[in-house]
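Chain naming here is simple, since letters A, B, ... match the order of the sequence lines and numbering starts at 1 in each.
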There are 2 protein chains.
Amino acid sequence: MLSNSAKYALKAVLYLALHTNEDNKLMVKDIYSRINVPQSYLAKLMQKLSKNGIISSSRGPKGGFYASNQNIDLPLIRVVEVIDGEQRLRSCMLSIHECDSENPCALHDLVGNANSFFIKNLEETTIKQLIGDVKSGKSVLPL
Amino acid sequence: MLSNSAKYALKAVLYLALHTNEDNKLMVKDIYSRINVPQSYLAKLMQKLSKNGIISSSRGPKGGFYASNQNIDLPLIRVVEVIDGEQRLRSCMLSIHECDSENPCALHDLVGNANSFFIKNLEETTIKQLIGDVKSGKSVLPL
DNA sequence: CGCAGAATATGATAAAAATCACATTTCGGA
DNA sequence: TCCGAAATGTGATTTTTATCATATTCTGCG
Ligand code: FES
Ligand code: FES
């Protein structure tokens, strides 16, 4: 469903959304151990996220990565699409082609609904909304 | 969610359930192109399934793989557990640990329910039940 | 300006998943 | 009994994913 990389990326984005802003940046080395992701692997992921506008960054002294107000208004699905590509999430449970309700595979009824429900949630939920739950203690950002 | 191997295995099991029985066996070379799975890869998967009692086989001339009446009464989850291991399906969406409703991660509410719904279905649906839908044309076994 | 601190770019290595190839064992039938 | 047809066992190769390492570019500050 989600690749390991996508999980890492989501954790990183959420961590940035919780702990940074334009005036309060963080470097990879300050983050990786907090979310339990290998340092240089995380660096690569964050570069990709940054290049695709999911998170922000600035170089040089006083620089680092951060989540801008614009960034945290993005829907979660943007994060996983940048990392995993567009079709992985929408692929059929049995075959390689896209999941297709017009031509449901044998497993489609057992999972298709659940999956499209998940996708819909990812599309409709923004990063900002999600960290609300974490802040209020309703959910947790796991190691 | 499901590995490629698990998808292949499910397709193979369903194909056997649809087209074989004790008196009507099939060899890998008769199957692989019908379900679009590399021949020798499929052979390995079917050995594993056979060794774990998910499907049946007999050697020698007139031999082959088949799905017995016992086999098709198994729940679908047995197939994926044999191929993917027990925990993959139940792992948290954000971390490596098991999904845990007591300690929900930030994504849990968005997906946890959908996922446990899927698992429950895999546990409660037998192979036999599933091929009913295929036979009646309600769903399809895709390439 | 120039230096150090940071992201960025590039590519090498390691591990896991997918795929392929072949030797061995078992079994039915002539 | 023996031969060939089939699964089984073992391991090698390829591809993808995950991880590590290093060189390069940009930028604020003194
Ligand atoms: S068509 Fe296979 S999961 Fe939807
Ligand atoms: S705890 Fe993360 S998906 Fe359930």
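Summarising the geometry of A:Y66 relative to A:T20, their closest heavy-atom pair is CA-OG1, 3.3 Å, with the distance given to 0.1 Å. For A:L42 against A:A12, the heavy-atom pair with the smallest separation is CD1-CB, 3.8 Å. For the residue pair A:N69 and A:E22, the shortest heavy atom distance occurs at N-OE2, 3.6 Å.
For the atom pair B:N71 CG and B:T126 OG1, the distance stands at 12.0 Å (nearest 0.5 Å). A distance of 8.0 Å separates CD1 of B:I77 from CZ of B:F118, quoted to the nearest 0.5 Å. Rounded to the nearest 0.5 angstrom, B:T125 OG1 and B:K120 NZ are separated by 10.5 Å. Taken to the nearest 0.5 Å, the CD1 atom of A:I55 stands 11.0 Å off from the CG atom of A:L74.
Defining each end axis of the helix from C:dC1-D:dG30 to C:dA30-D:dT1 as the rotation carrying four pairs' C1' atoms onto the next four, with five pairs an end, the two axes are found to diverge by 10° to 10 degrees.
If you walk DNA chain C from 5' to 3' and mark each nucleotide with an atom closer than 4.0 Å to a heavy atom of chain A, the marks span C:dG5 to C:dA12.
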Every protein N/O within reach of nucleotides 17-24 of chain D N/O, cut-off under 3.5 Å:
| unit_1 | atom_1 | unit_2 | atom_2 | d |
| --- | --- | --- | --- | --- |
| D:dA18 | OP1 | A:N4 | N | 3.4 |
| D:dA18 | OP2 | A:S5 | OG | 2.8 |
| D:dT19 | O4 | A:K44 | NZ | 3.2 |
| D:dC20 | N4 | A:K44 | NZ | 3.2 |

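Of the residues in residues 20-36 of chain A, not one comes within less than 4.0 Å of DNA chain D through any heavy atom.
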Per-pair distances, 0.1 Å, donor-acceptor, side chain in residues 29-38 of chain B, under 3.5 Å, sequence neighbours excluded:
| unit_1 | atom_1 | unit_2 | atom_2 | d |
| --- | --- | --- | --- | --- |
| B:D30 | OD2 | B:M27 | N | 3.4 |
| B:R34 | NH1 | B:Y15 | OH | 3.4 |

Side chains of residues 91-106 of chain A: which donor-acceptor partners sit under 3.5 Å, not counting sequence neighbours?
| unit_1 | atom_1 | unit_2 | atom_2 | d |
| --- | --- | --- | --- | --- |
| A:S91 | OG | A:R88 | O | 3.2 |
| A:D100 | OD1 | A:E102 | N | 2.9 |

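Residues A:K62 and B:G63 each lie close to DNA chain D; by heavy-atom proximity, the contact nearer the 5' end of the strand is made by B:G63.
B:S50 has a side-chain polar atom (N or O) that falls below the 4.0 Å cut-off from OP1 or OP2 of D:dT8.
Residues B:L2 and A:V111 fail the side-chain proximity criterion, which asks for heavy atoms closer than 4.5 Å.
Two different hydrophobic clusters hold B:V140 and B:V13 under the rule that ILVMFWY side chains link at heavy-atom gaps under 4.5 Å.
At distances below 3.5 Å, at least one donor-acceptor pair connects side-chain atoms of B:N121 with backbone N or O atoms of A:L110. For the pair A:D84 (side chain) and A:S3 (backbone), a donor-acceptor distance under 3.5 Å is present.
Across the protein-nucleic acid pair, B:I55 atom CD1 and D:dA7 atom C1' stand 11 Å apart, rounded to whole Å.
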